[in-house]
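Report on the structure given below.
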Number of protein chains: 4
Amino acid sequence: MVQLSEDILHKVITKRPEISHKGTFGRVVLIGGSQQYGGAIIMSAEACVKSGAGLTTVITARKNHTALHARLPEAMVLDFNETNTIYQTLEKADVILIGPGLGLAKEMALFLKGVVSNQNVGQWLVVDGSAITLFKDYNLSLKFPAQTVFTPHQAEWAHLSGLKFVEQTNENNRAKQALLGAKIVLKSHRTTIYDEAVAYYQNPLGNPGMATGGTGDTLAGMITGFLAQFEKNIDTVAAAVYLHSLIGDDLAEDNYVVLPTSISEALPRYMKKYASERK
Amino acid sequence: MVQLSEDILHKVITKRPEISHKGTFGRVVLIGGSQQYGGAIIMSAEACVKSGAGLTTVITARKNHTALHARLPEAMVLDFNETNTIYQTLEKADVILIGPGLGLAKEMALFLKGVVSNQNVGQWLVVDGSAITLFKDYNLSLKFPAQTVFTPHQAEWAHLSGLKFVEQTNENNRAKQALLGAKIVLKSHRTTIYDEAVAYYQNPLGNPGMATGGTGDTLAGMITGFLAQFEKNIDTVAAAVYLHSLIGDDLAEDNYVVLPTSISEALPRYMKKYASERK
Amino acid sequence: MVQLSEDILHKVITKRPEISHKGTFGRVVLIGGSQQYGGAIIMSAEACVKSGAGLTTVITARKNHTALHARLPEAMVLDFNETNTIYQTLEKADVILIGPGLGLAKEMALFLKGVVSNQNVGQWLVVDGSAITLFKDYNLSLKFPAQTVFTPHQAEWAHLSGLKFVEQTNENNRAKQALLGAKIVLKSHRTTIYDEAVAYYQNPLGNPGMATGGTGDTLAGMITGFLAQFEKNIDTVAAAVYLHSLIGDDLAEDNYVVLPTSISEALPRYMKKYASERK
Amino acid sequence: MVQLSEDILHKVITKRPEISHKGTFGRVVLIGGSQQYGGAIIMSAEACVKSGAGLTTVITARKNHTALHARLPEAMVLDFNETNTIYQTLEKADVILIGPGLGLAKEMALFLKGVVSNQNVGQWLVVDGSAITLFKDYNLSLKFPAQTVFTPHQAEWAHLSGLKFVEQTNENNRAKQALLGAKIVLKSHRTTIYDEAVAYYQNPLGNPGMATGGTGDTLAGMITGFLAQFEKNIDTVAAAVYLHSLIGDDLAEDNYVVLPTSISEALPRYMKKYASERK
């Protein structure tokens, strides 16, 4: 077991190369936001853009486009039914996040199936929220599990892994992770990250002020934004998890509740502070 | 009579338990916002989320969803006509606020009737604004009056209680409260809170800079957010009332008019300041 | 001629009475914002609410409602075609502003005619922007000219008064004002206010950084907000004009262009600074 | 070759004349923002208004109007299909920007053709993003090339000029510029500006934190806003380019990624700092 520390930030967050353009920092597609849960994908998008992803397209119910633009004109938008453009956009994506506020409708399961079965070599997938439930319920399977990150909270992990809460020991979780092959970010009081490459990562940070709707959507967006720019591996996922809690803990010094959007707001400054020279 | 003081804040606002998740801090449903008065329920939602409610769903005219998301992506949304989802959501709610910007249309009276008659054991109800008028006009009755809070201003109280302005003495108000059984937050220059559990609470704070549209909607949202997280009793209601005026008075030091949304903005910092160790 | 100074602010902006409610500070209706010019009435509304008007309803194209709520949930909204509610709302208004972004469509002329011909005893009217043009083009007349304020820029004044730019001397302007009977705020490099009650007021402040779209809409909203709360007379109009330029000059110390919305943002602090004891 | 420095800012940004009105600082029309890319034209509009353009109208898909107003009520809006009003508005424009988020649909090519072929004597055109691609694909030609600015990144320049990346030497670029006659702002790691009037300008500033979606849209809006107010020549274009990078570099001191909208936010303060006395 490796306890995460600021070292993971210095290791992962590198200074940007002088000669670069927005494509250098990744093409991201974020999928989520039903009629009822539009705010979730908006929060993911804020985290993704403010962590530095180069180009971010959000596929969400049309109803959510205006609020997204009003908060974050930096993102591009597509409606779930713009099929042709969606396929072209997904094909070129470096990282795809699916799940925040997606809901459990059957069409969303089909959409998820399309994303999962069209995953490219080198393309990473982050599966969050209701997409985890749909993945299990529709018995989907991964083409490139090692390039896929699941970000369940404990109930979603119970559903995905079949492990009851009391059975969710590190040993059992690692066994289930090995079976799935994907990376697992198991969110809880102390988030744990499972992957074959490391025994597992334990996040020592986080606080109960972060226990509010949207915190997970923000984390998912950060993981996606980090994978878009930095090396695509478990360390990068871990750095996003650690920084999310680090900012949350700092904000909790002065705030009873930590609004998820305030974490995203702080990202550019925190990432600057930890950026190390490229080797 | 008990004069409210900072003591009520220290008593009610406790540090969050380390092991917790968003469900720990309550599931809230806010109902209001017609075609004309959408801003009211948006302001209630800001107060509710920023006071720390765990999960907040707003039921409002579809027309208001985008503005709500643009200001507060942390909240979830439903339209008044999404009947199935609404029933499921209401059933699981710990606290329901109905009234801000609801208007007086007949369908809203039916909606209110549905909410009132389906109140669960342990589920609290906050009835504000036009919902108070409708409650009286449609002759509705409460299943669990002791778990219900009415937040009338003087004219709404006159309508609900039958007491003319000059008759609204503490003695008469207490008698009417006893009849209704519900808790009463009677808003005025010096807000008074009536409940059988205490003689009554008097709020010594507040200022005329707060006399602007939206101040009451913000208070209703705060009361709801407080009830979602803290002990469900009259002290928690009183703490929300006191803090609302305390922040308002501080803001009035530098501002001729106190914008209601600026009270909500300050909530996380103020609540942190007053949070006491859990016993 | 009276040169305006800070004295007018101390004279007009009085501390609020302790015993008061939102109705004490006026019911305002703002009318404007076509399909093309929605931003104008939004800026007026921000100025009006942030100057402290008690209750503000905006009548504007439905298309503009969401943007208004997203910026200013404190305001209520109506669409131009909600005729019944509009009449009821106008009837109860203490001050009505018509014109910002209204456009020159014939239906708007009819709307203006309705407002002008239904003006109540004691109800004040502020006529701005395209409403000034329509007033002239449709040959409308005022029921209570002494309770009406026109806020033309020089071209609109030329149209309304028949005076060419070179003819717009103080003497000629005063003669035309006497004919109209209404108060005139003639906006220019140095705004002048004409009324029979005073010779005329000259505003010594203002700067070219304020020469940008929306500055006039903001002023119209401030005049309306001031008339809603303070004594309804020419001094109150003059105080709004002076404060608008005073804030603009302060902002121009650090800003090349003074965004109109930044003037409104500063209103609560400035008004607090100048508020004098009530006599 | 001239290396740009702060001198260009002092030269171009002059104090505003005391006697002036919003028309003095230019009438601007911005055209762009399809269903998918609405954020782009919103970011251009923010840069244009905050750089001080007098009157800004945005022609964009109706879907984008609300988000634009929510962020920037100072701008006016038109939908692509409001043909009559569009022609009248374009005719009176001092500067027109076309391209940010415009997309490659055939109707947009026709729209671009209309704009290009109706360019007035003295009216400047800024052609950005997909409008550059359309200009080439539809084989359009300029009426007043010397009053036209193209703002391609390297791939767009390759398409427009026929020069492959390795062929894009200063010599070749200058030859192609001479052929086109228009001014060229070739965006890259170190942006270069080509025009017959100067050998060429080299921008020494800029940083990889600016490599994110929207940075180019913001620059296009700034160039447009500068041309609206200051002398219409290559120096004014160069000043906008230089200031855009200067602000970006300052922001990058504390931010890992420089959000494009944060550059626009800083414009009024920076322009004030560099404004020189008018000669």
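Bear in mind the structure is a predicted one, so any value in this text is a computation, not a measurement. Here is how names work: the chains are called A, B, and so on, in the same order as the sequence lines, proteins then strands, and each is numbered from 1.
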Regarding His65(D) and Asn64(C), do their side chains bring together a donor and an acceptor under 3.5 Å, going by distance alone?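 Asn64(C) and His65(D) do not have a side-chain donor-acceptor pair below 3.5 Å.
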Neighbour count above 12 (heavy atom, 6.0 Å) for Tyr37(D) OH: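 Open: at most 12 neighbouring heavy atoms sit under 6.0 Å from OH of Tyr37(D).
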Side chain, backbone, both or neither: which part of [X] has a heavy atom under 4.5 Å from chain C?
X         : result
Lys273(D) : neither
His21(D)  : backbone
Val58(D)  : neither
Thr85(D)  : side chain
Arg71(D)  : backbone
Ala67(D)  : neither
Leu72(D)  : backbone

Go through the atoms of [X] and report whether side chain, backbone, both or neither lie under 4.5 Å from a heavy atom of chain D.
X         : answer
Glu253(C) : backbone
Lys63(C)  : both
Asp217(C) : neither

Describe, in one word, how the ring planes of Tyr270(D) and Tyr274(D) are oriented to each other, choosing from parallel (under 30°), tilted (30 to 60°) and perpendicular (over 60°).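 Parallel: the ring planes of Tyr270(D) and Tyr274(D) meet at under 30°.
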Just say parallel, tilted or perpendicular for the rings of Phe230(D) and Tyr256(C), cut-offs at 30° and 60°.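 Tilted.
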For the candidates Asn255(C), Val257(C), Val258(C), Thr215(C), which exhibits the highest count of non-hydrogen atom pairs separated by less than 4.5 Å from chain D?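 That would be Asn255(C).
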Is the Tyr194(C) to Tyr201(C) ring centre distance short of 6.0 Å?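 No.
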Verdict with supporting geometry, Tyr200(C) and Asn173(C), side-chain hydrogen bond (donor to acceptor under 3.5 Å, both in side chains): CA-CA 10 Å; Tyr200(C) 59 93; Asn173(C) 292 339; over 6 Å; no
Expected output: side-chain Asn233(D) to main-chain Thr236(D) donor-acceptor under 3.5 Å: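 Present.
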Count the heavy-atom pairs under 4.5 Å between each of Glu82(D), Lys50(D), Arg62(D) and chain C, then report the option with the highest count.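 Going by pairs under 4.5 Å, I would pick Arg62(D).
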Test log, rule side-chain hydrogen bond (donor to acceptor under 3.5 Å, both in side chains), inputs Thr218(D) and Glu46(D): CA-CA 8 Å; Thr218(D) 298; Glu46(D) 290 186 32; over 6 Å; no
